[in-house]
Amino acid sequence: MIKGKMLNALNEQINAEQYSSLLYLSMSAWLSEKGLPGFANWMYVQYQEEMTHANKFFKYVVERGGKAQLNAIAQMPVEFDSVIDVVEKTLVHEQYITALINNLVDVAIEERDHAAQSFLKWFVDEQVEEEANVQEILDTLKLINGQGNGIFMLDRELRQRVFVDSTAATTV
Ligand code: FEO
């Protein structure tokens with residue numbers, strides 16, 4: 001049975017992943033309004049992914065006999081300066097989530113919770129991919145200065161992204 005510090009940290013992560021999902025949904029709305037349907041689509045898929053992350057933590061807590069606790073979610077930003085600003089904020093947020101995941105691993109090691117360490121490995125790997133994907137978009141955006149024909153091409157490319165539940169293949 002999971003309890004104490006580990007349980008609290010996992011419950012905080014459910015909240016953080018839910019916040020992430022709504023942050024990206026809010027960004028998707030902004031991008032859509034600015035006439036960037038491809039970026040809006042990419043961010044909407046990001047929202048869907050974050051929901052699966054929150055659910056994966058929720059299911060794990062329940063499976064380990066813990067009480068999953070859902071708390072109020074902080075207000076996410078609704079206005080942004082530019083598309084570069086949106087993607088920069090996404091990268092900063094993903095780096096913050098990586099730090100939270102690393103902290104969770106530290107707690108699992110401290111508590112000698114081997115099951116949690118094994119469970120968290122998926123998220124450690126996922127964060128490497130998440131940060132790399134966002135960094136790549138940001139690099140391209142900076143290269144084209146966030147405007148012109150380049151942004152049109154990039155928007156078209158990001159329209160291709162489709163949601164795949166990458167948590168579905170795992171046991172929890
Ligand atoms: Fe669930 Fe993007 O970290």
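Numbering of ligands and ligand atoms starts at 1, following listing order. Both backbone and side-chain heavy atoms feed into the values below; hydrogens, waters and symmetry mates do not.
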Please list every donor-acceptor pair under 3.5 Å in which a side-chain atom of residues 64-73 meets a protein atom from a residue at least two apart or in another chain.
unit_1, atom_1, unit_2, atom_2, d
Arg64, NH1, Tyr60, OH, 2.4
Arg64, NH1, Asp113, OD1, 3.3
Gln69, NE2, Asn71, OD1, 3.1

Return the set of protein N, O or S atoms whose distance to atom 1 (Fe) of ligand 1 is under 2.8 Å, each given as residue and atom. Glu17 OE1, Glu50 OE1, His53 ND1

Tell me if the CZ atom of Phe163 is crowded by more than 12 foreign heavy atoms within 6.0 Å. yes

Salt bridge (Lys or Arg N to Asp or Glu O under 4.0 Å) partners of Glu49, counting only residues at least two apart: Arg161

Would you call Lys5 and Glu110 a salt bridge, taking side-chain N to carboxylate O under 4.0 Å as the test? yes

Measure the shortest side-chain to side-chain distance between Asn41 and Leu158 over non-hydrogen atoms and say whether it is less than 4.5 angstrom. no

Contacts table for residues 27-37: side-chain donor-acceptor under 3.5 angstrom, sequence neighbours left out:
unit_1, atom_1, unit_2, atom_2, d
Ser28, OG, Ala40, O, 2.8
Trp30, NE1, Glu79, OE1, 3.3

